[in-house]
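To keep things clear, I will list the structure first and then write my remarks on it.
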Amino acid sequence: MRAAVRDDVAAGKNEGRVCTRFPPEPNGYLHIGHAKAICLNFGIAAEFSGRCNLRFDDTNPAKEDVEYVESIQEDVRWLGFDWDDRLYYASDYFERMYACALELIRMEKAYVDSLTAEEIRAYRGTLTEPGKASPYRDRSVEENLDLFERMRAGEFDDGAHVLRARIDMSSPNLNMRDPTIYRIRRVRHHRTGGEWCIYPMYDFAHSLSDSFEGITHSICTLEFEDHRPLYDWFQETLGLPSRSQQIEFARLNLSYTVMSKRKLLQLVREGLVGGWDDPRMPTLCGLRRRGYTPASVRNFCERIGVGKRDGVVDVALLEHTLREDLNARAPRVMAVLRPLRLIIDNYPADKVEMFPAVNNPEDPSAGTREVAFSRELLIEREDFMEDPPKKFFRLAPGRTVRLRYACLVTCTGVVKDERGEVVEVHCRYHPRGEAEDLPRARATLHWVSAPHSLPAEVRLYDRLFLVENPGDEKEGKDFKTHLNPGSLEILDGCRLEASLGAARPGDGFQFERLGYFCMDPDSRPGAMVFNRTVALRDAWAKIVRKTSA
RNA sequence: UGGGGCGUCGUCAAGCGGUAAGACACAGGUCUUUGGCACCUGCAUUCGGAGGUUCGAAUCCUCCCGCCCCAGCCA
């Protein structure tokens with residue numbers, strides 16, 4: 001891909017100029033598949049010191065809406081790209097396109113067809129049989145001009161006539177069998193209002209728009225490969241001064257998720273997720289709410305490469321670029337998701353100490369903060385086991401562990417409720433001097449001081465689907481049958497260290513030893529909500545998995 | 001049985017006639033006040049298959065096999 005562009009530049013094509021465009025249709029939210037296209041178009045332009053335009057392909061008013069043109073701009077900006085003042089709309093070119101259509105009619109390269117949609121389909125032929133000419137194919141230029149002008153004037157109902165390019169009804173490429181280029185749609189357009197009642201089709205509009213904008217490289221996905229001859233035909237036949245090279249690439253597929261607009265829309269419509277920005281969605285707004293950083297998405301797009309092979313990229317790679325970025329910049333903090341009371345018997349009840357804690361070991365400039373320590377602490381329930389297996393080296397009766405940034409403690413006993421459940425762990429701490437003589441603690445636990453901690457709700461997310469390729473609906477299996485019932489787990493009663501009281505929605509942190517979390521916009525004063533962006537890699541979980549398997 | 005594409009490690013992906021990069025995943029190990037991070041090691045005698053050309057082929061030729069896309073007045 002880059003090589004092709006490089007060759008064109010080297011060959012002096014377009015005077016070495018490079019101009020690309022990202023052309024979304026404003027009929028849905030952008031997802032990570034679009035991010036690949038965005039990074040490609042803006043990336044190539046930047047690499048060859050060219051320009052990349054943002055152009056809305058708004059030629060089908062029945063499906064489009066301003067809601068989408070706004071969200072799309074927000075998402076592209078969030079990803080970190082800038083189109084300066086080059087924000088365009090295909091609808092801005094309607095008048096010029098109409099003039100081009102008139103021109104095609106005069107050249108006898110287009111005609112008004114009055115067949116019904118069904119008839120046109122029947123006349124088109126099949127994959128193996130050629131199509132046959134419409135009885136209206138040889139209308140005179142005058143009649144075509146008259147009819148087409150009256151189409152624009154609004155004299156006909158939807159579907160009464162269409163304008164077709166006059167190419168070759170027996171072409172083995174179905175796209176060349178006199179494709180429709182204008183249809184009547186008496187629908188208000190979100191930008192042109194009631195000005196038009198005929199709208200151009202994609203192939204015509206896209207080819208012309210690219211030429212009008214001086215696009216040198218028109219990057220699109222594989223399914224348009226068959227359209228390239230038609231794309232070229234419009235520019236050549238009309239003798240447009242600016243020609244562009246269409247280059248195709250394979251769209252992105254991610255394991256354990258779906259990417260088609262139709263399926264994503266279905267998830268939203270049927271309430272299977274909370275909305276377009278549900279943190280489990282692969283939409284850019286969903287990823288943003290989940291806590292993904294723009295850099296992590298960009299790096300991901302960089303690493304997957306670009307080719308014409310359609311495959312499925314492992315989400316593990318996305319998670320890797322995410323952790324890589326978050327590890328470098330997320331402030332560390334201590335939070336306990338499933339609290340277990342830990343009492344330090346030899347620590348005075350009214351004493352409170354402040355210990356300095358490192359904000360980010362990967363970034364010394366992030367500094368330190370103070371965390372409160374007291375007799376009553378809360379630790380993670382899964383960090384204590386009454387009867388630990390061999391490789392478990394966290395807290396257990398008689399065991400000594402380190403409390404991060406604080407001290408060494410040894411478990412002296414437990415308190416159980418009537419059901420035999422451990423509800424309290426008792427320990428003895430080792431003051432400096434004594435601690436040095438102890439054998440090295442094999443584990444370090446995170447904790448919070450019970451009286452100083454803050455309550456919060458934490459939402460744990462997992463992959464939305466249970467199978468690698470849920471979109472593959474062969475054998476009639478609906479993709480929704482693969483939904484993961486455990487993709488969202490809500491934890492209440494979590495306790496956070498006091499410094500989190502200053503967090504704001506969108507802020508991301510590493511909850512030490514647990515994962516990366518970010519504050520959700522659902523948070524209210526006194527009722528914080530955090531989303532788990534991604535868990536830390538977990539060697540212990542791997543051991544558990546292996547020994548139980 | 002028409003046309004257009006694509007087949008290199010579990011997953012992406014370099015390679016463009018000179019003897020298989022890299023990343024993720026995976027497996028071991030070192031380090032460690034995060035069982036995180038970092039670091040080290042291992043991981044395709046082989047490039048969908050079979051022939052052929054060549055001193056030499058993943059790269060060129062032939063045939064075969066497999067997968068994807070196209071019959072919207074959607075994009």
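In what follows, chains carry the letters A, B, and so on, assigned in the order in which the sequence lines appear, proteins first and then strands, with residues in each chain numbered from 1.
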(message) If you assign each of A/Arg228 and A/Glu223 to its closest nucleotide in RNA chain B, which residue comes earlier from the 5' end?
(response) A/Arg228
(request) Find which nucleotide of RNA chain B each of A/Tyr405 and A/Arg183 is nearest to by heavy atoms, and output the residue with the more 5' nucleotide. (result) A/Tyr405
Is [X] touching bases, backbone alone, or none of the nucleic acid, heavy atoms closer than 4.0 Å?
| X | answer |
| --- | --- |
| A/Leu115 | base |
| A/Arg394 | base |
| A/Tyr182 | nothing |
| A/Leu127 | base |
| A/Arg323 | nothing |
| A/Pro24 | nothing |
| A/Ile120 | base |
| A/Thr116 | base |
| A/His206 | nothing |
| A/Glu248 | nothing |
| A/Glu25 | sugar-phosphate |
| A/Gly311 | sugar-phosphate |
| A/Glu225 | sugar-phosphate |
| A/Val358 | nothing |

Strictly below 4.0 Å, N to O, side chains only: are [X] and [Y] in salt-bridge contact?
| X | Y | result |
| --- | --- | --- |
| A/Arg55 | A/Glu213 | yes |
| A/Lys36 | A/Glu302 | no |
| A/Arg513 | A/Asp383 | yes |

Rounded distance in Å - [atom1] ([X]) to [atom2] ([N]):
| X | N | atom1 | atom2 | answer |
| --- | --- | --- | --- | --- |
| A/Asp158 | B/G72 | CG | P | 19 Å |
| A/Lys308 | B/G7 | NZ | P | 10 Å |
| A/Glu468 | B/A25 | CD | C1' | 11 Å |
| A/Arg2 | B/A13 | CZ | C1' | 13 Å |
| A/Tyr429 | B/U33 | OH | C1' | 18 Å |
| A/Phe204 | B/G72 | CZ | C1' | 18 Å |
| A/Asp168 | B/G3 | CG | C1' | 12 Å |
| A/Met176 | B/G72 | CE | C1' | 18 Å |

Using the [atom1] atoms only, state how far [M] lies from [N], rounded to an integer number of Å.
| N | M | atom1 | value |
| --- | --- | --- | --- |
| B/U33 | B/A25 | P | 25 Å |
| B/C65 | B/G48 | C1' | 7 Å |
| B/C69 | B/C63 | C1' | 25 Å |
| B/A20 | B/C43 | C1' | 14 Å |
| B/C60 | B/C16 | P | 11 Å |
| B/C9 | B/A21 | P | 13 Å |
| B/A57 | B/C61 | P | 15 Å |
| B/A14 | B/A44 | C1' | 14 Å |

The side chain of [X] lies closest to which of these nucleotides: [options]?
| X | options | value |
| --- | --- | --- |
| A/Val162 | B/U33, B/C73, B/C37 | B/C73 |
| A/His320 | B/A25, B/C73, B/G3 | B/A25 |
| A/Asp226 | B/G3, B/G36, B/C74 | B/G3 |
| A/Leu536 | B/G3, B/G36, B/C74 | B/G36 |
| A/Thr128 | B/U34, B/U1, B/C24 | B/U1 |
| A/Asp314 | B/C73, B/G10, B/C12 | B/G10 |
| A/Leu222 | B/G5, B/G3, B/C74 | B/G5 |
| A/Ile543 | B/C24, B/G35, B/G72 | B/G35 |
| A/Val313 | B/C12, B/C74, B/G3 | B/C12 |
| A/Pro172 | B/A25, B/G2, B/G36 | B/G2 |

(request) Inspect the surroundings of NZ in A/Lys263 and state if more than 12 heavy atoms from other residues, nucleotides or ligands are less than 6.0 Å away. (result) yes
(message) A quick test of your reading: do over 12 heavy atoms of other residues, nucleotides or ligands sit less than 6.0 Å from CD of A/Glu155?
(response) yes
Does the side chain of [X] get closer than 4.0 angstrom to OP1 or OP2 of [N] through an N or O atom?
| X | N | result |
| --- | --- | --- |
| A/Arg124 | B/C73 | yes |
| A/Arg537 | B/C26 | yes |
| A/Thr180 | B/G72 | no |
| A/Lys546 | B/G28 | yes |
| A/Arg303 | B/C12 | no |
| A/Arg121 | B/G72 | yes |
| A/Lys542 | B/A27 | yes |

(message) Parallel, tilted or perpendicular: which one describes the rings of A/His227 and A/Phe224, with boundaries at 30° and 60°?
(response) perpendicular
(request) Quick one: classify the glycosidic conformation of B/G42 as syn or anti, with syn meaning within 90° of 0. (result) anti
(message) Counting only Watson-Crick pairs (N1-N3 plus N6-O4 or O6-N4) and G-U wobbles (N1-O2, O6-N3), all under 3.5 Å, who is the partner of B/C26?
(response) B/G42
(request) Please give the nucleotide sitting opposite B/A50 as a Watson-Crick or G-U wobble pair, both distances under 3.5 Å, or none. (result) B/U62
(message) Between A/Glu64 and A/Asn60 (side chain of the first, backbone of the second, donor and acceptor by atom type, cut-off under 3.5 Å), is there such a pair?
(response) yes
(request) Could you tell me whether the side chain of A/Asp168 and the main chain of A/Arg177 form a donor-acceptor pair under 3.5 Å? (result) no
(request) Return the minimal non-hydrogen interatomic distance between A/Ile304 and A/Cys301, and the atom names on each side. (result) CG1-O, 3.3 Å
(request) Give the minimum heavy-atom separation between A/Leu30 and A/Ile38, together with the two atoms involved. (result) CD2-CD1, 4.1 Å
(request) Answer yes or no as to whether B/G35 has its base stacked against A/Trp540, where stacking requires a ring-centre separation under 5.5 angstrom and planes under 30 degrees apart. (result) yes
